[in-house]
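Every chain is numbered from 1 and lettered A, B, ... according to where its sequence line falls, protein lines coming before strand lines. Because the structure is predicted, anything quoted here is derived from the model rather than measured.
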Amino acid sequence: MIHRVTLPIPQASVAEWRAGDVVIVSGILLTARDLAHRRILNAAETGWDLPFDPTGLPIFHCGPLARRDASGWTITGLGPTTSARMESSTPAILARYQTPFLIGKGGMGPATRQSLIDHRAAYLAAVGGTGALGARAVDGVVGVYWLEEVGMPDAVWILRVRGYGPLVVTMDSTGRDLHDEIARAAETRSTTV
Amino acid sequence: MTRREQWVSALERAVRTATVVLPRDVVQALRGALDRETTELARLHLETILENERVARENGLPLCQDTGTPVFFVRAGAESPWLADLPDALSDAVRAATDSVPLRPSAIHPFTDENVGNVARGVPVIDWDLVPGRDLEITYVAKGGGSENASGLLFVPPGAGSDAVLRAVLTHVVRVAPRACPPIVIGVGIGGTADWALRLAKRALVRRLDARHPDPSIAAFEVRLLDAVNRSGIGPAGLGGATTALAVHADFAYRHPASLPVGVALQCWADRRATVRIPESGIAEVME
């Protein structure tokens, strides 16, 4: 099944997505890697105001490649980074910011799987390495935060995208996890060699 | 143009080419994989990868936003008159490409997390292979972080033979391949010391995908491992299918009686490389 969605999207719609569905996204999302996750949670714990509001925005595990000229920022590379690095901080983020879905690659662990069930959210896998296609789907840079402090890949980029995808729902709100299923099957097959 | 400027310009062009244009042998292997895949998701992922290859090439965009750790594999003719001048030229080329392509700043201090660009202590990585002759052959590889994290150093019981090596590498690869942007290229270094096993694995990654090792026993190992990895079903993007790896390249060195280290190095499907030759004349030339 293919879902073409425009953000913001109600949580109830995300809860209906099933593992194996394909999603094409338009609208505003934010990028955050492990450093940005730690900074966001650190701000929450210390009562420090974030310079942006992650509430309700999909989180893309991505360190973009960008070029700046007189007319502003152009994204020249946009694609997923390994999501496993965000496993420890993701449940707290999902609980606090009503994140509708995550985009990344490689899947995540059991804590996130449970958290996706609890918050009726989903994890979507983008095809790793397809940064040029991603760049072409960016409609504009809404904002960039912490660029000076952590550098281009680890900064938080708030981006408007149009028709970004294909993304595959690999962890859904019923607890299904395609990464885990395929890994288990692969392990079984490889022990018989 | 001084000699130095000519080198930097040729090397910068090689870095750009590797970053933007997927080598022909890799594209062919990906097309072959698409022909073999039957499930909808596996085909969708390979079609997306091939579409990305076209968009990158036609628009001069990097294939992947992770433009990688810059690595140069240098086959250095011991009698080349230019050896001493090369390291600075390599760093200058990476600096120039960081501005012109541009490359993502990807050199980060391990403790402070400070991101200083793409030239720093230990970056670019330069692997020197001293060989007889008067030519320098420099292959640039953009090494992505996801596939680098999937590297392995295994210690197989010595004397257990090639089957034990195969099983150890297979177990490792099946565990890590989903996170290394499959379909991957697998480099395996068998024997030597621990560091050497990994170095052999890394160097093996640079070969053309269709090249088999000249030693028939190693070539047979490559074929068997590729078949076993592809039977795992991990598939393109790790979401199921018949193509988990595009190629296996192995190499070996004699081992200590008590030790059989096996190095495993992986490259993502974006197997980005380009070669520059500097012959005795000192005129650098980007190779096809």
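With a threshold of 4.5 angstrom between heavy atoms, I49(B) approaches chain A through its backbone and through its side chain. In this structure, no portion of V173(B) lies under 4.5 Å from any heavy atom of chain A. Looking at T170(A), the atoms closer than 4.5 Å to chain B (heavy atoms on both sides) all sit in the side chain, from C-beta outward. Using a 4.5 Å cut-off between heavy atoms, P62(B) contacts chain A through both its backbone and its side chain. With a 4.5 Å cut-off on non-hydrogen atoms, A56(B) touches chain A through its backbone and its side chain both. In this structure, chain B has a heavy atom under 4.5 Å from the side chain of V22(A), while its backbone stays farther away. Contact annotation for A84(A): only side-chain heavy atoms (C-beta onward) come within less than 4.5 Å of a heavy atom of chain B. At a 4.5 Å heavy-atom cutoff, the contact between N59(B) and chain A is made by side-chain atoms alone. Of the atoms belonging to N115(B), it is side-chain heavy atoms, and not backbone ones, that fall under 4.5 Å from chain A. Only the side chain of P166(A) comes within contact range of chain B, judged by heavy atoms closer than 4.5 Å. For I108(B), the part lying under 4.5 angstrom from a heavy atom of chain A is the side chain only.
Contact check for H179(A) versus L239(B): side-chain heavy atoms found under the 4.5 Å cut-off. Using a 4.5 Å heavy-atom cutoff, the side chains of T82(A) and N149(B) are not in contact.
Of the listed residues (L44(B), V20(B), D66(B)), the greatest number of heavy-atom pairs within a distance under 4.5 Å of chain A belongs to L44(B). Counting heavy-atom pairs closer than 4.5 Å to chain B, the top-ranked of the candidates G128(A), A132(A), G20(A) is A132(A). Contact count versus chain B (heavy atoms, under 4.5 Å) is highest, among G106(A), G79(A), P64(A), G165(A), for G79(A). Contact count against chain B (heavy-atom pairs under 4.5 Å) is highest for P153(A) among G77(A), P153(A), P80(A).
Atom CZ of R160(A) sits in a sparse spot, with 12 or fewer heavy atoms from other residues, nucleotides or ligands closer than 6.0 Å. Residue E51(B) qualifies as enclosed at atom CD: its count of foreign heavy atoms under 6.0 Å is above 12. Annotation: E181(A), atom CD; neighbour count of heavy atoms from other residues, nucleotides and ligands within 6.0 Å is above 12. No more than 12 heavy atoms of other residues, nucleotides or ligands shown are found within 6.0 angstrom of CZ on R179(B). At most 12 non-hydrogen atoms from other residues, nucleotides or ligands lie less than 6.0 angstrom from CD of E148(A). Annotation: R33(A), atom CZ; neighbour count of heavy atoms from other residues, nucleotides and ligands within 6.0 Å is above 12. No more than 12 heavy atoms of other residues, nucleotides or ligands shown are found within 6.0 angstrom of CZ on R162(A).
Residues A186(A) and I234(B) share a closest heavy-atom pair of CB-CG1, 3.6 Å. Closest approach of R67(A) and S100(B) over heavy atoms only: NH2-O, 3.8 Å. Nearest approach of V168(A) to H45(B), heavy atoms of both residues: CG2-NE2, 3.7 Å. Between P102(B) and A66(A) the shortest heavy-atom distance is CG-O, 4.5 Å. Across every non-hydrogen atom of E187(A) and V174(B), the tightest pair is N-CG1, 4.0 Å. Between L65(A) and T67(B), the shortest heavy-atom distance links the atoms CD2-CG2, 3.8 Å.
Interatomic distance, N230(B) CG to R189(A) CZ, rounded to the nearest 0.5 Å: 11.5 Å. From T130(A), atom OG1 reaches atom CG of L50(B) across 11.5 Å, with rounding to the nearest 0.5 Å. Rounding to the nearest 0.5 Å places CG of L35(A) at 4.5 Å from CG of D113(B). For the atom pair CG of L61(B) and CG of L133(A), the computed distance is 9.5 Å after rounding to the nearest 0.5 Å.
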